[in-house]
Each structure stands twice: as structure tokens, then as C-alpha cells.
Amino acid sequence: LSMFSELKFPVPWGHVAAKAWGPSEGHPVLCLHGWLDNANTFDKLIPLLPRDCYYVAMDFSGHGLSSHRPAGSPYHFLDYVSDVLRVAAALQWRRFTLMGHSMAFLFLLYCFISPQFCFLYPEMVDKLILLESLGFLLAPEDTEAWLKSKRMVIDRLLSLEAKQQMPKARSPEAALQRLLEANRHLTAEGGAILLQRGATETPAG
């Protein structure tokens with residue numbers, strides 16, 4: 001396990017980098033580094049672990065060899081959770097072990113990425129290993145609403161990315177109708193005013 005390979009996973013702003021140890025057919029283990037660290041966090045640990053696993057340590061966006069998000073974009077904890085889901089999908093892992101280190105000071109004290117991923121996608125994680133972490137703390141009365149809203153945000157984002165559709169061309173009338181359907185508080189006059197600046201004319205529509 002002292003030998004590793006470098007991996008890259010494409011994302012809309014560039015790529016997420018990772019290191020992998022062990023046999024690719026082994027039990028999958030995704031390793032998440034801590035605050036201001038990178039995948040090298042696990043260099044000394046992985047060789048001491050069972051040899052029948054496939055360990056992938058990713059660099060979160062803006063860390064290690066991964067691409068930075070566009071200038072001016074915040075690094076919110078849900079974005080890191082989305083990164084984990086992107087990497088799992090690229091690896092075609094439906095279920096895996098998650099090993100997370102730290103991330104104790106990301107915006108809020110309880111915003112640890114590994115426990116949050118397990119909370120949002122429990123069907124994908126068979127085991128959770130936490131290194132220097134307290135787990136995910138959430139008031140019981142907030143649990144269901146938090147789970148539903150945050151998972152919906154991530155799933156919709158990744159679904160839109162996967163479609164990668166070109167914007168549809170519509171006639172001015174059809175564009176106005178679509179806008180009014182999406183914004184039922186708008187009047188036709190208000191919608192037409194917004195479309196003057198919110199739509200681009202092309203030969204197709």
C-alpha cells in the first residue's frame with residue numbers, strides 16, 4: 001500500500017483530484033481530509049490499514065491538486081458534500097466506507113463533511129470512520145426538515161449538471177409564457193420587461 005496512483009474527476013469548474021491505494025476491486029473506502037489539508041493527510045496511515053481495500057483520498061475543491069472554484073465563490077459545507085457525491089458517482093460506487101478527518105472549523109463547529117454525507121445519503125455508506133471529529137450535531141426537531149431541504153438542493157444540482165443541455169430557443173411569445181409559468185406573481189407586462197434584459201436573441205429564437 002506504499003504505492004499509489006493519481007486520479008482526476010471532471011467537474012463543471014475543472015477537476016477533483018485524488019490518490020488511490022490498493023486493488024481497485026477491493027472494498028471501497030473514500031477518505032476525506034481535514035481543514036486546509038489535502039489527500040496527503042493519509043500517506044502515513046493507509047499503509048497500516050487492511051490490504052484488501054481500495055482507498056481513494058480526494059482533494060476537496062480548492063485543496064491539494066483539485067481545481068479552485070471560480071473567484072468569488074464561497075466554499076460552503078454543502079459544496080463539499082456535493083464533491084463527495086460527484087467522486088462516488090465517477091467511481092461508480094453505490095455503497096462504500098467513509099473515513100473523514102477533522103473539518104471541525106468549517107463555518108460552524110458541527111459542520112463535519114463525513115457525518116453530514118452519511119446523514120444525507122445513509123444508503124451509500126456501510127461504515128463511518130471519524131478521525132478527530134465529534135460527529136454531526138443537529139437538534140432533533142430540525143432533523144427532518146434539514147435532511148429534506150439539503151438533499152433536495154444537492155440532488156437537483158447534480159441532476160442539472162448531468163443533463164448538460166443547451167438553453168432552449170423559444171419565440172418571444174413562448175419565452176414570455178414560460179417565464180410567467182415559472183413566476184406566477186408576474187404580470188405579462190412585468191415579464192416582458194424582464195425578458196428585455198433576461199433573454200438573448202439568436203437565429204433560432
I need the minimum non-hydrogen distance between [X] and [Y], along with the two atoms involved.
X      : Y      : result
Lys150 : Leu78  : CD-CD1, 3.3 Å
Cys53  : Pro23  : O-CD, 3.5 Å
Ala88  : Met124 : CB-CE, 4.0 Å
Asn38  : His33  : O-CB, 3.3 Å
Leu128 : Pro115 : CD2-CA, 4.2 Å
Met3   : Trp21  : O-CD1, 3.3 Å

Let me check something: do Ile129 and Ile46 share a hydrophobic cluster, defined by ILVMFWY side-chain heavy atoms less than 4.5 Å apart, either directly or through other members?
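The answer is yes; both residues are in one hydrophobic cluster.
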Show your reasoning for whether side chain to side chain contact (heavy atoms under 4.5 Å, CB included) applies to Phe96 and Val29.
CA-CA 6 Å; Phe96 53 92; Val29 180; over 6 Å; no
To the nearest 0.5 Å, what is the distance between [atom1] on [X] and [atom2] on [Y]?
X      : Y      : atom1 : atom2 : result
Thr202 : Arg170 : OG1   : CZ    : 12.0 Å
Gln177 : Ser171 : CD    : OG    : 10.0 Å
Leu7   : Ser24  : CG    : OG    : 10.0 Å
His101 : Ile113 : NE2   : CD1   : 13.5 Å
Phe119 : Ser114 : CZ    : OG    : 15.0 Å
Gln116 : Tyr80  : CD    : OH    : 12.5 Å

Determine whether Phe42 and Leu131 make a side-chain contact, defined as any pair of heavy atoms from C-beta on separated by less than 4.5 Å.
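Phe42 vs Leu131: side chains touch.
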Quiz question: by atom type and distance under 3.5 Å, do the side chains of Ser67 and His15 form a donor-acceptor pair?
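Distance-only check passes for Ser67 and His15.
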Which pairs would a plain distance check flag for residues 54-61, meaning a side-chain donor or acceptor within less than 3.5 Å of a matching protein atom at least two apart in sequence or in another chain?
from, atom 1, to, atom 2, distance (Å)
Tyr55, OH, Pro50, O, 2.7
Asp59, OD1, Ala39, N, 2.7
Asp59, OD2, Leu65, N, 3.0
Ser61, OG, Trp13, NE1, 3.4
Ser61, OG, Asp83, OD2, 2.9

Determine whether more than 12 heavy atoms belonging to other residues, nucleotides or ligands lie under 6.0 Å from atom [atom1] of [X].
X      : atom1 : answer
Arg51  : CZ    : no
Gln92  : CD    : no
Glu201 : CD    : no

Apart from Leu186 itself, what residues make up its hydrophobic cluster when side-chain heavy atoms of I, L, V, M, F, W and Y under 4.5 Å apart count as a link, directly or indirectly?
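Direct or chained contacts put Leu186 with Leu176, Leu179, Leu180, Leu194, Leu195.
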Other cluster members, Met152 - Ile/Leu/Val/Met/Phe/Trp/Tyr, side-chain contacts below 4.5 Å:
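Its cluster partners, ordered by chain and number, are none at all.
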Can you list every pair that meets side-chain hydrogen bond (donor to acceptor under 3.5 Å, both in side chains) and has a residue in residues 184-199, with sequence neighbours left out?
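Applying side-chain hydrogen bond (donor to acceptor under 3.5 Å, both in side chains) to every pair that reaches into residues 184-199, excluding sequence neighbours, yields nothing.
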Could you list the residues that satisfy salt bridge (charged side-chain N to carboxylate O under 4.0 Å, His left out) with Arg151, not counting sequence neighbours?
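Once residues adjacent in sequence are excluded, the partners of Arg151 under the salt bridge (charged side-chain N to carboxylate O under 4.0 Å, His left out) criterion are Glu123, Asp155.
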Contacts of type salt bridge (charged side-chain N to carboxylate O under 4.0 Å, His left out), residue Asp126, not counting sequence neighbours
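Residues passing salt bridge (charged side-chain N to carboxylate O under 4.0 Å, His left out) with Asp126: none at all.
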Candidates Ile154, Val16, Val11 - the one meeting side-chain contact (heavy atoms from CB on, under 4.5 Å) with Arg86
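Answer after filtering Ile154, Val16, Val11: Val11.
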Side chain to side chain contact (heavy atoms under 4.5 Å, CB included) for Met99 and Leu130? Distances and angles first, verdict last.
CA-CA 6 Å; Met99 179 162 59; Leu130 297 179; over 6 Å; no
Once the angle between the rings of His63 and Tyr75 is folded into 0 to 90°, is it parallel (under 30°), tilted (30 to 60°) or perpendicular (over 60°)?
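Ring orientation of His63 relative to Tyr75: perpendicular.
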Evaluate side chain to side chain contact (heavy atoms under 4.5 Å, CB included) for Leu85 paired with Phe117, printing each intermediate quantity in order.
CA-CA 8 Å; Leu85 199 57; Phe117 184 88; 3.9 Å; yes
So does Ala145 get a backbone contact from the side chain of Ser149, meaning a donor-acceptor N/O pair under 3.5 Å?
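Pair found, side chain donor or acceptor close to backbone of Ala145.
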